[in-house]
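Per chain, numbering begins at 1; letters A, B, ... match sequence-line order.
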Amino acid sequence: MSLIEVEHLKYRYPATEKLALNDISLTAEAGELIGIVGKNTAGKTTFCQALVGLVPHFYKGAYGGSVRIGGMDVKESGVDETIRKVGIVFQNPFTQVTGSKLTVYEEIAFGLEHLGIARQDMMERIDHALHLLDIEAYKDRAPFDLSGGQMQRMAIASVIAMRPQVIVLDEPTSQLDPQGSEEVFRAIQSLSREGITVILAEHKMEKLAAYADRIALLHEGMLIDYDTPSRVFSRSDLAEYGVEAPIYTRVCQAIGFRMLDMDTYPVTLEEAQAAYEAQHSAISASSQEEQGGRYD
Amino acid sequence: MKSMSLYVERESTVHHIDPITKLVYIAAAIALPIILPSLHTAWICMLISFVILGMGRVLTRSLPIIGFVGFILLTVVIIQGFFHVGNETVLFRLGSWPFYEEGLLFAMGITFRALNIVGAFLILVLTTKPSDLVESLVRKGLSPRIGYVLSSVFQIIPQMMATVDTITDAQRSRGMETEGKLMTRIKAFLPLIGPVVLSSLIDTKERTLALQVRGFNVKGSKTFLNEEKMYRYGSAMRWSMLAIVIGAVIWRVIA
């Protein structure tokens, strides 16, 4: 049994006609890092919130199909039960600060206090989360005094301290500067290394290509493709869905560099480099052959 | 960061006393002069409040506030001294206007009581972190939701004020006049307040989601990161204050 099982998930927001999610089925194993791509309004945020139960419990609306996390049905369990297994981090770091705590350390404790975690256990969890997200240095600072990247890492730490099996990140870097994004991506990598299942909706394809195990391509609420980054990003119809492949893929596509012995294109710098070297040695070998033939 | 709290970080015994005891002190300081309405209780209570402020080493911080309240109370003294209903004994004359003793004493009573109440509240406000106060109230059974509202106000309002500044700058950079004549300011009001309200609504929705996934609605008992702030003599102080108030009631009934 997979950790995340989504079956025929359909959802319509109240007072709308169109389905925001249209018959989505996918599974994810424990420890995987799943990327979610698609243009704006493709349903990324709705899908992310469906994994924690905010869809349908917060928004109401029409809901069909099922989302199961570790065997637990999200619709039946409700948000308050689901958050013990799934954590979510939103786009805007500012609105995720509770505003009722004076230090970063206390801010991270907020969720644990409400879950009723014992004090000793709480402090261990907070220390671990601070360490994992590399924000130990700011633990006595006021939450609103942090930079965007630091604040977003604090938001992730707050969720991680609640020890979920899955963490959903809904475009966590879209409102950050390049340095802040880089900090957050490093943090996401260390979560993944810890064995936490990560669902990451993102527009930065280069990052997803490098870190994700699988990519879900959404378009108008439908799941178009769910496969490895190289297969998804090598699709020739990617532009129709408003998604741009990583820069490396686009360059290699333009000059026709494929992956060695495969029909997909490179999606990361390393793969592009490998493909280039393979092509280059093949060319030089063949030209040597030609030259050799001439001297014969 | 801009903060709305008046809390002054100092090392003193008063700072170590738990917030509940300070709340009881406020109640006692208000009740005593009501139970025993003589001028003497009023000035003694006021003096005690000021001495505690001094012990908390926040007396200088409280002077501007006391001064402001005192200025208003001065008008009471002037008006009562000249026009109090029971005025008989003339104290002195300002030109042809007589200033009476009864009015002065009456006004002094009001002044002492008002300053006493202000002082008692200042003890709480200046020597207690707002978050500590709310936390101990939640421990005593206040709903955590109300507790959240009370403690988040101190940080969310400055955030909203920062948003107002950003929006004002944005509108100004589009060429809108926000300063000058009253008419200009009135005209600028709508384009400023509209985005502020809308952005606050959006922020509130997002914060609601964020709070919900942090377990804000989870039922069951809450735990606390900070250990309960207990002052060793806290309960003794609370009981003795209660005893003094009860004693005052008995005194009032008998005498």
Side-chain angles (χ1 to χ4, degrees), chain A residues 45 49 52-55 57-59 78-84 86-103 105-123 125-126 141-146 155 158-159 161-162 164 167-168 170, chain B residues 1-5 7 9 128-135 137-139 143-163 166 199-228:
Chain A
T45 296
Q49 298 193 352
V52 244
L54 289 170
V55 162
H57 293 290
F58 182 79
Y59 299 98
V79 179
D80 295 343
E81 269 311 304
T82 310
I83 52 164
R84 293 174 194 269
V86 189
I88 185 166
V89 176
F90 301 94
Q91 294 183 21
N92 186 346
F94 289 89
T95 55
Q96 290 179 75
V97 180
T98 62
S100 69
K101 301 290 185 180
L102 296 175
T103 67
Y105 197 84
E106 290 174 359
E107 174 74 22
I108 296 174
F110 185 90
L112 304 177
E113 288 179 335
H114 282 92
L115 289 184
I117 308 294
R119 189 167 171 269
Q120 196 57 43
D121 192 15
M122 207 187 281
M123 281 155 49
R125 287 179 179 208
I126 298 170
R141 294 262 292 274
F144 279 117
D145 283 350
L146 300 181
S158 314
V159 170
M162 292 164 76
I167 180 164
V168 182
D170 182 9
Chain B
M1 195 193 73
K2 277 187 278 181
S3 172
M4 283 183 30
S5 156
Y7 171 69
E9 183 99 48
T128 316
K129 267 193 218 164
S131 58
D132 285 352
L133 172 64
V134 172
E135 200 169 296
L137 287 175
V138 171
R139 272 184 220 270
S143 147
R145 287 154 186 268
I146 296 174
Y148 171 77
V149 172
L150 292 177
S151 54
S152 63
V153 156
F154 292 102
Q155 291 194 62
I156 305 276
I157 300 256
Q159 284 297 310
M160 281 174 73
M161 277 159 30
T163 313
T166 314
S199 78
S200 319
L201 285 178
I202 293 167
D203 280 5
T204 307
K205 181 209 148 196
E206 288 179 4
R207 187 161 280 122
T208 313
L209 287 175
L211 287 178
Q212 210 162 53
V213 298
R214 303 271 293 275
F216 192 61
N217 284 340
V218 169
K219 294 189 177 64
S221 60
K222 215 172 152 272
T223 47
F224 296 91
L225 170 69
N226 300 319
E227 276 178 317
E228 192 169 3

Among Pro130(B), Pro144(B), Ser221(B), Ser152(B), the residue with the most heavy-atom pairs under 4.5 Å to chain A is Ser152(B)

Return the CE to OG1 distance between Met122(A) and Thr223(B), rounded to the nearest 0.5 Å.
3.5 Å

To the nearest 0.5 Å, what is the distance between CZ on Phe94(A) and OG1 on Thr163(B)?
9.5 Å

Looking at Glu81(A), Glu106(A), Glu113(A), which makes the most heavy-atom pairs under 4.5 Å with chain B?
Glu113(A)

Bottom line for Gln91(A): the part with an atom under 4.5 Å from chain B's heavy atoms is neither

What's the verdict on side chain to side chain contact (heavy atoms under 4.5 Å, CB included) for Leu209(B) and Ile88(A), showing C-alpha distance, side-chain angles and the deciding distance?
CA-CA 10 Å; Leu209(B) 287 175; Ile88(A) 185 166; over 6 Å; no

Phe144(A) to Arg207(B) - nearest heavy-atom pair and separation
CZ-NH2, 4.0 Å

Plane angle bin for Tyr148(B) and Phe110(A) - parallel if under 30°, tilted between 30 and 60°, otherwise perpendicular
perpendicular

Of all the heavy-atom pairs spanning Ser131(B) and Leu102(A), show the shortest one and how long it is.
OG-CD1, 3.5 Å

If you count heavy-atom pairs under 4.5 Å with chain A, which of Thr208(B), Leu225(B), Asn226(B) comes out on top?
Leu225(B)

Minimal heavy-atom distance between Thr95(A) and Ala210(B), with the atoms involved, is O-CB, 4.0 Å

Identify which part of Leu112(A) has an atom lying under 4.5 Å from any heavy atom of chain B, answering side chain, backbone, both or neither.
backbone

Could you go through the side chain to side chain contact (heavy atoms under 4.5 Å, CB included) check for Phe224(B) and Arg119(A) one step at a time?
CA-CA 7 Å; Phe224(B) 296 91; Arg119(A) 189 167 171 269; over 6 Å; no

Which heavy atom of Thr98(A) sits nearest a heavy atom of Ile156(B), and at what distance?
O-CD1, 4.1 Å

Value rounded to 0.5 Å, distance of CG in Asp203(B) from CG in Asn92(A)
6.5 Å

What is the minimum heavy-atom distance between Val218(B) and Arg84(A), and which atoms define it?
CG1-NH2, 3.5 Å

Looking at every non-hydrogen atom in both residues, tell me the closest pair between Asn217(B) and Asp80(A) and how far apart they are.
O-OD2, 3.2 Å

Please tell me if the side chains of Val213(B) and Val159(A) come closer than 4.5 Å, counting only heavy atoms from C-beta onward.
no

CA sep, side-chain torsions, deciding dist, call: Glu107(A), Arg214(B), salt bridge (charged side-chain N to carboxylate O under 4.0 Å, His left out)
CA-CA 11 Å; Glu107(A) 174 74 22; Arg214(B) 303 271 293 275; 3.6 Å; yes

Keeping Gln155(B) on the side-chain end and Lys101(A) on the backbone end, is there a donor-acceptor pair under 3.5 Å?
yes

